[in-house]
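Presented below is the structure to which this report refers.
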Amino acid sequence: MRITNGYQMLTHLKNMNNALTNLTNSNNKMSSQRRFDKAWENVADATRAFRVRKQLSSDSFYMTNIRDVQGRLDTADENIQTVNTILRTVDERVVQALNDTLAPSDREKIATEIEGLQKEVLAICNAKYADKYLFSGSGGKTAGAPFTTYEQEVTVNQDGVDVKYSRSFLLYHGMDVNSLSKNETTGEIEARQTVNVLDRNGNPIRAKDANGNDIPILDGSGDPVLDGDGNPTYKFVTVDSGKEIPYDKTNYVNIGLGYTVTTDANNNQVINPESAIPYTFSGAKMFGVGTNSDGVSNNVFNFMGDVVQALKGNNSNRLDECLDQIPSISDTLLVGLTEIGSRSNFVEDMNNIITTDVQLMQETQNKLEGIDIAEEAIQNKNFEMAWMVTLQLGAKTLPSSLFDFMR
Amino acid sequence: MGLRPTFMGFETASRGLTINQKAQDVIAGNVANLGVYGYTRQRVDQMSMSINNRNTRYALHSALAGQGATISGVSQIRNTFLDKRYREETSDVGYYDMLTGTLEDVYNAVDEVQPEQLNSALSKLRDAWGEVVKQKGDEVSCSGVLAASRAMTQVLQQLDAKLANVWDQQKYNLNINVETMNTALSQVAELNSAIKKEYSALDYTGGYYGPNELLDQRNVLLDQLSSYGDMRFETQSDGTVKVFMGGHTVVDGESYDQLNLQDGASDETVKLFWNSTGKNVNFTSGALKASVEMLNGKGIDGKSDKGETFDNGIKYYREKMDVLARTFADTFNKSIAICDPNDSKKQLVINGVPQYKTLFTFDASTTGRGAGSIRVNPDWASDSSYVRDGIVRDGDEDVSSFELIDTYFDDKEAKLDFGEFTGSFTGYVTFYTTTLLGTQKTDADARLKASASVQETVEKQILNVSGVSVNEEAADSMRYQKAYDAMSRVMTVLDDLLDKLINGTGRAGL
């Protein structure tokens, strides 16, 4: 085969270029620590790498949400524990007050103490986490503080004298807590009100007895109750109206359970509750609503108000009834704590799962996108050697020709 | 035996000297042209002289034997078959080289490996919507989502601008190539005319002796031309070469055709046609074919009446960004309901169609709805609380529509319809910028490597056949030198003979 200088040069140049290209690529990889800089250098790995990146980004999104939920759960837990402690203090004081040897002035002191504790409880019910009310249900800034109070004058009998004082009653988003009730089957809080049925002109309709006569309202001794103008009052037809509690929806955040959408009873698109975690708390559920058969409130704040009223009126029977109510209120608080506890455990588990996932994804990402330093260093040395050899050989073989040896 | 001319030997000897001197000249020429690109080694064709003695009746050929040698011509050693193969491979290399270069430009515009453009903006947007859910649409979170949405539209606009830039650059590149090719065509025709004037007698191989340097120049030009488009050439009997490209005669003797590049049937297409016929150029390979494919290619939606083709070109990938922008806008424009002005608890419904707030609009001053024209609705841009629907469900704090938005970003759950693709935004981005584009480029790279490798092999063969081998020239040089020495000795001997004859014969005793 005829070998020409052109052929030798071409071959040598191509070899040099190849060796230099390999060496340069290897140097690039060593300094950037990346296996590929452009996706087309390794399409399969790049596609996989992008999926891993997306997963890592989603994981970081979920972790933020988890941290938020965890914070809310922890704060709610602390607050309810505090209320429980206060309740125990009230328990002790009531037991103390039931001791007949106490003087009325001492009972007065206990009443004042409990009124002070009541204010603490109100503050806790309106507790915030990161500038947002914790127990506000789904309410936000416009909803404002979930718990407010209204004043009403009540009468107590002190040594046979009727004394009036102003007492605070609790409102949850503007609804009287004592008039709310808990549906035993669903566990949801409802407002059951008795309202008058109105006729076409907006006037209440009078109830009729079996003979079609109006039914007058009578007092305890059988005398008709008179209104302001001295006219007898009559019973009206009433109906039970279930009213919607405001802000009682549950809000969800995505913590990586596989967020799905479903349609609810009203054919609206909503988040499937099994695919996300709720992070709202209904203050009404947490702190109790309604009254029991004795008329003592199930709600912590109102209950304490009942205790204060009983103390001020020196009403031992009433105090007894209050003492009997304490376990029930404690139960309500504990149920809330349990729910928070189980949610907290679940969130903790998700936290662990996602943290593990993040580690795995990072390892995979390293394998896909990062170089193996040891392997690459060896390759680099090989390429460098190949380059040096190519240079030396070229220098040796190219110049000599027959002309050099002619005499 | 017949008569022998007395001074016959001198002619032979002097011819011998001349031939060897000429051979040395050619060797010197070869060695001097060692570094010249495209130089084909030349060789002195010597042949033995024979005087035709058919007409003499009495002299036998032996009387006139020994006339010596003469030069029939200086020929080039070149293999036309290798040339043909080389030019075929060069066309392919030209095609894949242009293809791979353009794809790399497109890729660089939409590169998501580093830094992330779309993926990063989408991730920030997701975070912003998440905050809106958690903060129940308060002022800070609403401003945040407005800013993130605006950033997203800006990324889309940038991508569109970059791809438009790539298109412009490729068109400019094509323009330059067309001009270069046109110049080369005219030069080939000129060389044809010059070569034709100097062509002479047949050589051993049936080819012609011609002006070798001009032939070399023409071959270099033909090689160059073959990289622009598929080429076929026929050497004519008068020494000119007839060149066909894309099935069309581009050079015929001294006449040549020119390429014309113009804007195509619609915006951003090009039309490449021959000056002489006005017909569109139809190359089967070569850099110009790749250029036109990349410029006019709009994928399977290409409309030929608009001058578009079915290749996945620059316009195809630009259209993919447009589809992303449209789907993005359409999806978000169906997520926040408009409150019925007459009933604050319900969504506004007109003719049975529920109404949603327009979050993203398209700038009317640019053509079409696409990545270049997507904008945040000015109503929203001026008031970040626009995203709150105002529908009274539990007061005006209902965040259920915000909650639903996160599903668009979930890789597994999102089933957004992009036409050719169904999935999430990031899935779409990865599919087109990485998988599809990356595969197309890798494919082109592999074909380029294969073609270049074959081209290199052929090139080496050509060099081996036609290149100058210094060692060979040195050996030849020695041979001719020895022959020259021998001839001069022969001349000296003949001179002695004649001297003897003329000066020493017939004069006795001197």
Side-chain angles (χ1 to χ4, degrees), chain A residues 1-7 9-11 14 34 36-43 46-47 49-51 53-55 57-58 60-61 64-65 68 132 137-143 173 244 246-249 251-254 258-261 268-271 275-276 279 369 401-403 405-406, chain B residues 31 34 41 103-104 107-108 111-114 116 119 123 126-127 130 133-138 393-400 403-404 406-407 409-413 426-427 429-430 433-435 437-439 441-442 445 456 459-460 463-472 474-475 477-478:
Chain A
M1 184 176 127
R2 189 168 172 269
I3 303 285
T4 60
N5 290 70
Y7 172 84
M9 281 311 298
L10 184 66
T11 312
K14 288 259 172 358
R34 292 189 57 84
F36 58 88
D37 280 320
K38 311 278 180 193
W40 45 260
E41 292 175 22
N42 192 336
V43 174
T47 312
F50 276 119
R51 265 206 283 278
R53 281 192 193 184
K54 175 71 209 292
Q55 183 71 18
S57 155
S58 296
S60 127
F61 178 70
T64 314
N65 286 348
D68 274 340
K132 296 280 180 292
S138 54
K141 238 189 195 142
T142 322
H173 285 309
E244 271 288 310
Y247 309 111
D248 68 342
K249 275 192 65 172
N251 291 138
Y252 296 98
V253 277
N254 186 355
Y259 217 49
T260 53
V261 171
N268 293 325
Q269 296 255 293
V270 291
I271 298 295
S275 69
Y279 72 101
E369 297 194 47
S401 71
L402 194 48
F403 279 119
F405 294 99
M406 274 165 74
Chain B
V31 173
L34 194 58
R41 68 177 166 124
L103 285 172
E104 187 163 349
Y107 176 82
N108 284 341
D111 185 11
E112 285 286 315
V113 171
Q114 15 160 224
E116 289 194 345
N119 280 333
S123 161
R126 184 187 200 182
D127 286 342
V133 167
K134 284 187 284 191
Q135 308 304 338
K136 299 199 202 298
D138 75 346
R393 303 180 205 105
D394 289 349
D396 57 353
E397 301 298 346
D398 186 20
V399 296
S400 56
E403 284 172 351
L404 289 169
D406 196 66
T407 56
F409 296 100
D410 191 308
D411 246 356
K412 295 182 210 83
E413 267 312 302
T426 43
V429 169
T430 307
T433 64
T434 304
T435 315
L437 180 56
T439 312
K441 169 111 176 36
T442 314
D445 275 347
E456 192 185 313
E459 191 177 352
K460 285 184 185 172
L463 282 171
N464 275 345
V465 167
S466 310
V468 173
S469 165
V470 168
N471 298 320
E472 202 179 79
S477 178
M478 286 198 298

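Numbers restart at 1 for each chain; the letters A, B, ... are given by sequence-line order, proteins then strands.
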Tell me which of these, [options], has more heavy-atom pairs under 4.5 Å with chain A than the rest.
options: B:V470, B:T442, B:V465; answer: B:V470
options: B:V429, B:D406, B:T430, B:T435; answer: B:D406
options: B:S469, B:S466, B:G427; answer: B:S469

Quick one: what part of [X] sits under 4.5 Å from any heavy atom of chain A, side chain, backbone, both or neither?
X: B:D127; value: both
X: B:T439; value: both
X: B:E472; value: side chain
X: B:N471; value: both

For B:N108, side chain to side chain donor-acceptor pair (under 3.5 Å) partners two or more places apart:
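A:K38.
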Those residues that, when tested against A:E41, pass side chain to side chain donor-acceptor pair (under 3.5 Å) (two or more places apart)
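Checked A:E41 against side chain to side chain donor-acceptor pair (under 3.5 Å); zero matches.
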Minimum heavy-atom separation for A:F36 to A:A49, with atom names?
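Taking A:F36 first and A:A49 second, the nearest heavy atoms are CZ-CB, 4.2 Å.
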Exercise: identify the closest heavy-atom pair between A:R2 and B:N464
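Nearest pair, atom of A:R2 first, then B:N464: NH1-O, 2.6 Å.
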Is the backbone of A:A39 close enough, under 3.5 Å, to the side chain of B:Y107 for a donor and an acceptor to pair up by distance?
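Side chain of B:Y107 to backbone of A:A39: a pair is present.
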Does any heavy atom of chain B fall under 4.5 Å from the side chain of [X], the backbone, both, or neither of them?
X: A:N65; result: both
X: A:R53; result: side chain
X: A:S57; result: side chain
X: A:S275; result: neither
X: A:Y252; result: both

CG on B:D111 to CD on B:E104, rounded to 0.5 Å:
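Interatomic distance, B:E104 CD to B:D111 CG, rounded to 0.5 Å: 10.0 Å.
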If you round to the nearest 0.5 Å, how far is NZ of B:K134 from CG of A:N251?
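Atom-to-atom, A:N251:CG and B:K134:NZ are 12.5 Å apart.
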Check step by step if side chain to side chain donor-acceptor pair (under 3.5 Å) holds for B:R126 and A:S58.
CA-CA 9 Å; B:R126 184 187 200 182; A:S58 296; 3.1 Å; yes
